[in-house]
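Working notes, structure below.
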Amino acid sequence: MDYNTDLRPPPPFFDAALSGDIASVKRHLAAGANINTKDDRYGSVLQCAVKSGDEATVRLLLNSGADVNANGGHHASALGAVAYSGNINMVKLLLDHGADVNVGSTGRYAGMAFGSGYRGQVLQLAAEGRKTDVVKLLLQHGADVNATGGMYGTALQAAAHYGNEESVRALLDAGAKVNIQGGYHGDALQAAARYGRANLVHILLDAGADPTAQCGVCGSALKGARERGHPDVVKILEAAIAKWQK
């Protein structure tokens, strides 16, 4: 069953956490509910709680033995969910409780090709969610800047896709390899070119991006720019290709 057709409501314990209803969460715990029970769609109770944004509920679950690195669900982990949404204080709270910055999706949605936030490493989710402050914090805590997998292949490709220049620069400064291939667009340059992001195309080329690379949904960055009607980017890439081939 695809996530997009899986419209069932959350189980009661998950729903209480998702609503930030700490009184109801306490009642479930008092009744002996398994704090680390899992659900294919909703992941873990902790993952639901971080989505609610209610810090008290999250602290209660963490202090009651919730597995901070439980894997599964829409955003792969609790840290993945909050990295995508960008609640920096919640990110810090999870990191303080031992959240793994390099956890990735290994569950039901690990290989999904489309849709926001299903798969990939936590860093990629932060880049996809356009949360530069979270990207930088994760990098400071040892996130693998070149981790691969998921729809966008790398965090750099995700940031380029969404036009997040600050995140692109932060990832490059942290050692992101600009020519890693994988994911929907094939590489970061094609992701930027396909959406007409001329400034990002310049940044990536200056960082050593290969304008002749054959990959991705369009076959190359130049083809992507042409197909989407970005003549300014086409000119930039044609000049870069001529220079590259000398």
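If you're wondering where the values come from, they're calculated on a predicted model, not measured in any experiment.
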Exercise for the section: Could you name each residue pair satisfying salt bridge (charged side-chain N to carboxylate O under 4.0 Å, His left out) that touches residues 134-143, not counting sequence neighbours? Expected result: Lys136-Glu166
Exercise for the section: Measure up the His185 and His161 rings against each other and bin them: parallel (under 30°), tilted (30 to 60°), perpendicular (over 60°). Expected result: tilted
Problem - Side-chain (Lys177) to main-chain (Leu172) donor-acceptor, under 3.5 angstrom - result: no
Practice task
Test Thr154 against Thr148 for side chain to side chain donor-acceptor pair (under 3.5 Å), laying out the working first.
Solution key: CA-CA 5 Å; Thr154 64; Thr148 58; over 6 Å; no
Completion exercise
Those residues at least two apart in sequence (or on a different chain) that pass side-chain contact (heavy atoms from CB on, under 4.5 Å) with Lys131 are Asp133, Val134
Practice task
Could you pull out all residues at least two apart from Ala31 that satisfy side-chain contact (heavy atoms from CB on, under 4.5 Å)?
Solution key: none
Exercise for the section: Before giving the answer on side-chain contact (heavy atoms from CB on, under 4.5 Å), spell out for Ile203 and Val168 the whole-Å C-alpha distance, their side-chain angles and the decisive distance to 0.1 Å. Expected result: CA-CA 9 Å; Ile203 291 170; Val168 167; 4.2 Å; yes
Problem - Sequence neighbours excluded, every pair satisfying side-chain hydrogen bond (donor to acceptor under 3.5 Å, both in side chains) that has a member inside residues 56-65 - result: Asp54-Thr57, Glu55-Arg59
Exercise for the section: Any ring pair (Phe, Tyr, Trp, His ring centres under 6.0 Å) involving residues 129-149? Give me the pairs, sequence neighbours left out, ordered by first then second residue. Expected result: none
Practice task
Return the set of residues passing side-chain contact (heavy atoms from CB on, under 4.5 Å) with Ser77 (not counting sequence neighbours), or none when no residue passes.
Solution key: Leu79, Val103, Val122
Practice task
For residues 18-32, pull every pair meeting salt bridge (charged side-chain N to carboxylate O under 4.0 Å, His left out), keeping only residues two or more places apart or in separate chains.
Solution key: none
Handout entry: Where at least one partner belongs to residues 193-209, residue pairs that pass side-chain hydrogen bond (donor to acceptor under 3.5 Å, both in side chains), sequence neighbours excluded
Key = Glu165-Asn199
Problem - Worked check of side-chain contact (heavy atoms from CB on, under 4.5 Å) between Leu156 and Ile180 - result: CA-CA 9 Å; Leu156 184 64; Ile180 288 179; over 6 Å; no
Identify all side-chain donor-acceptor contacts of residues 232-244 below 3.5 Å with residues at least two apart in sequence or on another chain.
residue	atom	partner	partner atom	Å
Glu238	OE2	Arg226	NH2	2.9
Trp244	NE1	Asp210	OD1	3.4

Practice task
Report the distance from atom OG of Ser44 to atom CD1 of Ile35, rounding to the nearest 0.5 Å.
Solution key: 9.5 Å
Using distance only, find each side-chain donor-acceptor pair of residues 86-96 under 3.5 Å and give its atom names and separation, not counting sequence neighbours.
residue	atom	partner	partner atom	Å
Asn87	OD1	Asn89	N	3.3
Asn87	OD1	Met90	N	3.1

Handout entry: Under 3.5 Å donor-acceptor, Asp67 side chain and Asn36 backbone
Key = no
Problem - With sequence neighbours excluded, residues passing side-chain contact (heavy atoms from CB on, under 4.5 Å) with Ala16 - result: Ser24, Val25, His28
Exercise for the section: Kindly compute the distance separating CG (Leu18) from CZ (Phe13), expressed to the nearest 0.5 Å. Expected result: 12.5 Å
Handout entry: side chain to side chain donor-acceptor pair (under 3.5 Å) partners of Ser85, counting only residues at least two apart
Key = none
